[in-house]
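Numbering of residues begins at 1 and proceeds along the displayed sequence.
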Amino acid sequence: MFRLLVRSGRGFAAAMQLLTRIPVPLEVPYDQGTMRASAVSFPLAGAAVGLVTAASAAALLLLLPAWPAAALTLAVWTAVTGGLHLDGWIDTADGTLSNWPRERMLEIMKDSRVGAMGAMAGVLLLIVKFAALASLLDSAGPACWAMLAAIPVWSRWWMTAAMAAWPNARGEGGMGALFRGVRAVHAGGAAAAGLAVTFALLCAGGAAPIEWGGLPAPGAAALAAAAFPALAAAFGWPLGRWLARRLGGQTGDTYGAMNEWTEAWLLLALSALYA
């Protein structure tokens, strides 16, 4: 039991250090065992990102109209991750939207320079996120903040699910190889962690974003929480399958790209709910 607690603690610290710029003053070994444990904690790191984002949005909305508040919220959202996932989105677009063979696409994705496809994809993604945030902030309330904070939880859970679903495209190399041992059991553990934290967020934020047939607040919050993994999988699976067919699997860049893609779609769904 003690070993399990230590491994879980190291996994959480590694997830925070890898996926956020929130300081976690703990040295952890970045070996495969720690990385597998960190994959289970990805939703918890996402919750930290979500809480910072939602708190920033609420504070900015007290001082500014919805549009500038949305722009600054998006800047905070990107900064708290260090732009890691956005970088993966741009690199993935540069490689997979080219007409080169698989090996050349993987080489392009490793290149630190940004090409035309990556630049266009990055700009379009930020425009979509900004528009959805601006719409959302026009009708914000406590339940809205809770739902916004939950979005990064489930986009990061989908990264863990993708690690379990598809092989590493680079074989023994690249960041993705560190997560080669992630299996369905790790994705299930990450889902359980995500459901627990989302339920807590929704209860704290007024339980339910909409009425669920007169259900009491905890039941409504539970149903709303359960909708998140279903939507994340529905949005994430088509891109994951397409990337796997193009590249023969996934890479560290494509995990980041799927996080951005799923995050944007969940944000659009939330803005539609509050429209």
Side-chain angles (χ1 to χ4, degrees), residues 5-28 30 34-61 70 72-89 129 133 136 140 142-163 175 179 182 186-187 189-205 221 224-225 228-229 232 236 252 255-256 258-264 266-267 270:
L5 289 173
V6 169
R7 181 174 295 178
S8 298
R10 285 178 176 172
F12 173 69
M16 290 291 291
Q17 290 172 358
L18 181 64
L19 302 184
T20 81
R21 289 297 178 264
I22 299 170
V24 179
L26 181 68
E27 281 194 28
V28 294
Y30 279 78
T34 303
M35 290 298 98
R36 285 194 295 269
S38 77
V40 178
S41 292
F42 275 17
L44 301 181
V49 172
L51 286 168
V52 170
T53 301
S56 299
L60 287 165
L61 204 55
L72 291 175
T73 297
L74 183 56
V76 170
W77 197 341
T78 304
V80 78
T81 68
L84 175 69
H85 311 303
L86 182 59
D87 179 68
W89 169 264
K129 281 189 163 184
L133 268 173
L136 189 62
C144 171
W145 301 135
M147 297 285 279
L148 178 60
I151 286 174
V153 172
W154 292 101
S155 60
R156 283 150 187 79
W157 166 76
W158 179 248
M159 287 199 290
T160 302
M163 291 169 189
M175 175 66 75
F179 297 97
V182 173
H186 300 100
L195 285 170
V197 74
T198 302
F199 179 76
L201 286 169
L202 292 175
C203 286
F228 271 99
Y255 295 140
M258 281 189 281
N259 173 82
E260 290 293 338
W261 169 270
T262 307
E263 203 169 65
L266 288 173
L267 186 57
L270 183 58

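Atoms CD1 and CG, from I151 and L266 in turn, are 5.5 Å apart once rounded to the nearest 0.5 Å. Taking OG1 of T81 as the start and CD1 of I22 as the end, the distance is 10.0 Å to the nearest 0.5 Å. Between the CE atom of M35 and the CZ atom of F179 there is a distance of 5.0 Å, given to the nearest 0.5 Å. Separation of atoms CG (L267) and CD (E260) is listed at 11.0 Å; rounding is to 0.5 Å. Annotation: the span from L84 atom CG to L19 atom CG amounts to 7.0 Å, rounded to 0.5 Å.
F228 places none of its side-chain heavy atoms less than 4.5 Å from the side chain of V153. Here the side chains of F12 and L26 are not in contact, with every heavy-atom distance at 4.5 Å or above. L44 is not listed as a side-chain neighbour of R156, based on a closest heavy-atom distance of 4.5 Å or more. Contact annotation: the side chain of W154 approaches that of L195 to within less than 4.5 Å [non-hydrogen atoms, C-beta and beyond]. Looking at heavy atoms from C-beta onward, L51 lies in side-chain contact with L201 at the 4.5 angstrom threshold. Side-chain contact between M163 and H186 is absent, with no heavy atoms from C-beta onward closer than 4.5 Å.
The shortest heavy-atom contact between A45 and T20 is O-CG2, 4.0 Å. Nearest heavy-atom pair, L270 versus C144, reported as atom, atom and distance to 0.1 Å: CD2-O, 4.4 Å.
Among pairs with a residue in residues 42-54, none fulfils side chain to side chain donor-acceptor pair (under 3.5 Å), at least two apart in sequence or across chains. For residues 36-46, no pair satisfies side chain to side chain donor-acceptor pair (under 3.5 Å), with sequence neighbours left out.
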